[in-house]
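FYI, the numbering just counts along the sequence from 1. Atoms within a ligand are numbered from 1 in the order they appear, just like the ligands themselves. Not measured: the values here are computed from a predicted model.
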Amino acid sequence: MTLAIGFVGLGNMGGPMAANLVKAGHRVTGYDLSAAARERAAAHGVTVAGSAAEAVTDAEVVLTMLPTGRHVLDAYEELTLAASGALFVDCSTVAVGDARVAADLARTVGHRAVDAPVSGGVPGAEAASLTFMAGGDEAEFAEAEPVLAAMGRKVVHCGGSGAGQAAKICNNMILGVSMIAVSEAFVLGERLGLSHQALYEVASTASGQCWALTTNCPVPGPVPTSPANRDYAAGFAAALMAKDLGLAADAATATAAPTELGRRAAELFADFARGEGGGLDFSAIITTLRERV
Ligand code: NAD
């Protein structure tokens, strides 16, 4: 079924996601503050509107892919009034509380709302192979699922509003902590005279196996496609990992959850991202861990 979709935020992730909705046969009208992002989207068949409000005026589905919760809430203040009776789907990574406030803003004026953050990064957005973690009621999820399926390989209904964001920050806390664990193991191995390849061959087929090791390996060599082989060009930027771990730490404070390693990982990534590490792939954290005594 062809839907009229308004897409706000056509950046690194939103641009290719909107392009995949066009490929799936939907009529996509988009807007981004950046002229370069608007031009790239237009080249992929997105009709570019003159403003965010204009992009969603006739939309049956309103999708947002914006940097932070502040951007999403500001946009929702405007977009929920500009659209009429639409399904609002926010795919940005934001705090659980912000996702619930955004959904309330939409529902109060007669829309449906789903939070649907993603995992898979820019390559996943380009290949339409993202994983979506969705929060909303059954009917809202049923409506959002086919739209999300056009941009991803897996769509999981995690619960009510905010549950998608909750799953996202829990997953990324595992990833942040495991990347530090893998990096520390390589640094310890170096001090013990162990080659990267030898440690990789053992750990990748033993109980140390994890995505941070076998896909995004923080040392060059063992996994030729990992960012370590191209001077840590992102990939998943350390600044975004710092942001997600900060959201997890805030959520842990709000719920009194004991996440000691998650909090330590948040501190280490925040330190790293404040310096020149922010734009590098998050696996570059190994370079600062190596310098610690
Ligand atoms: P990005 O900065 O490339 O894109 C965000 C876009 O939003 C920018 O082009 C910006 O101009 C636009 N924008 C900001 N305010 C706007 C407004 N009011 N109206 C219209 N456009 C506006 O960021 P990204 O990498 O695409 O990430 C977007 C979200 O996805 C973030 O929440 C991020 O945490 C999450 N995410 C990113 C990745 C990744 O690998 N990049 C992976 C998973 C999740």
Side-chain angles (χ1 to χ4, degrees), residues 6-20 28-42 44 46 48-56 59 62-80 82-83 89-96 98-99 102 115-134 148 151-154 164-165 167-173 175-176 179 211 215-216 227 232-248 269 273 278-283:
F7 204 122
V8 178
L10 303 165
N12 292 329
M13 295 292 290
M17 289 164 70
N20 283 324
V28 184
T29 306
Y31 183 73
D32 194 290
L33 294 177
S34 145
R38 294 197 299 269
E39 278 163 30
R40 272 194 304 274
H44 286 95
V46 173
V48 172
S51 69
E54 193 187 309
V56 308
V62 174
L63 267 154
T64 41
M65 194 53 165
L66 296 166
T68 69
R70 190 65 264 152
H71 293 91
V72 173
L73 292 177
D74 286 350
Y76 266 46
E77 296 276 359
E78 186 190 10
L79 302 183
T80 51
V89 182
D90 178 41
C91 295
S92 329
T93 303
V94 308
V96 175
D98 285 347
D115 53 288
V118 309
S119 180
V122 175
E126 287 169 347
S129 63
L130 294 168
T131 294
F132 287 91
M133 306 146 235
L148 299 175
M151 301 179 285
R153 204 153 37 207
K154 191 163 173 66
Q165 298 294 348
K168 168 78 185 171
I169 58 172
C170 289
N171 176 73
N172 278 22
M173 190 174 75
L175 179 59
M179 181 53 79
W211 190 92
T215 299
N216 220 74
Y232 299 100
F236 182 49
L240 288 178
M241 177 50 89
K243 169 193 154 186
D244 292 358
L245 288 169
L247 292 174
F269 273 105
L280 298 177
D281 186 76
F282 77 116
S283 58

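- Residue Pro67 has at least one nitrogen or oxygen atom sitting less than 3.5 Å from a nitrogen or oxygen atom of ligand 1, judged on distance alone.
- For atom 4 (O) of ligand 1, the nearest protein heavy atom (residue, atom name, distance) is Gly11 CA, 3.4 Å.
- When Asp244, Leu240, Asn12, Asp74 are ranked by how near their heavy atoms come to atom 41 (N) of ligand 1, first place goes to Leu240.
- Proximity to Lys243 (heavy-atom distance under 4.0 Å) selects the following atoms of ligand 1: 31 (C), 32 (O), 33 (C), 34 (O).
- Distance remark: protein heavy atom present below 4.0 angstrom from atom 15 (N) of ligand 1.
- The contact set between ligand 1 and Thr93, taken as ligand atoms under 4.0 Å from a residue heavy atom, comprises 32 (O), 34 (O), 35 (C), 44 (C).
- What you find for Val48 and Arg38 is that their closest heavy atoms are CG2-O, 3.5 Å.
- Of the options Leu66, Thr64, Leu63, a side chain to side chain contact (heavy atoms under 4.5 Å, CB included) to Asp90 is made by Thr64 and by none of the others.
- Protein heavy atom at the shortest distance from atom 40 (O) of ligand 1 is Gly121 CA, 3.5 Å.
- In this structure, Tyr232 has no ring pair (Phe, Tyr, Trp, His ring centres under 6.0 Å) partners at least two apart in sequence or on a different chain.
- Among protein heavy atoms, the minimum distance from atom 12 (C) of ligand 1 is reached at Asp32 OD2, 3.3 Å.
- Considering only residues two or more places apart in sequence or on other chains, Ala128 meets the side chain to side chain contact (heavy atoms under 4.5 Å, CB included) condition with Asn20.
- Close approach of ligand 1 to Phe236 is summarised as follows: ligand atoms under 4.0 Å from at least one heavy atom of the residue are 40 (O).
- Scanning all protein heavy atoms for the shortest distance to atom 26 (O) of ligand 1 gives Met13 N, 2.9 Å.
- Polar contact check, Leu66 against ligand 1: a nitrogen or oxygen pair lies under 3.5 Å apart.
- Of all heavy-atom pairs between Glu54 and Ser51, the closest is N-OG, 3.0 Å.
- Contacts of Lys168 with ligand 1, taken as heavy-atom pairs under 4.0 Å, involve the side chain alone.
- Taking atom 18 (N) of ligand 1 as the reference point, the nearest protein heavy-atom neighbour is Leu33 CD1, 4.1 Å.
- In this structure, the protein non-hydrogen atom closest to atom 30 (O) of ligand 1 is Met65 CE, 3.1 Å.
- Every N/O-N/O distance between Ser92 and ligand 1 stays at or above 3.5 Å.
- In summary, the atoms of ligand 1 found under 4.0 Å from a heavy atom of Val8, numbered by their order in the structure, are 19 (N), 20 (C).
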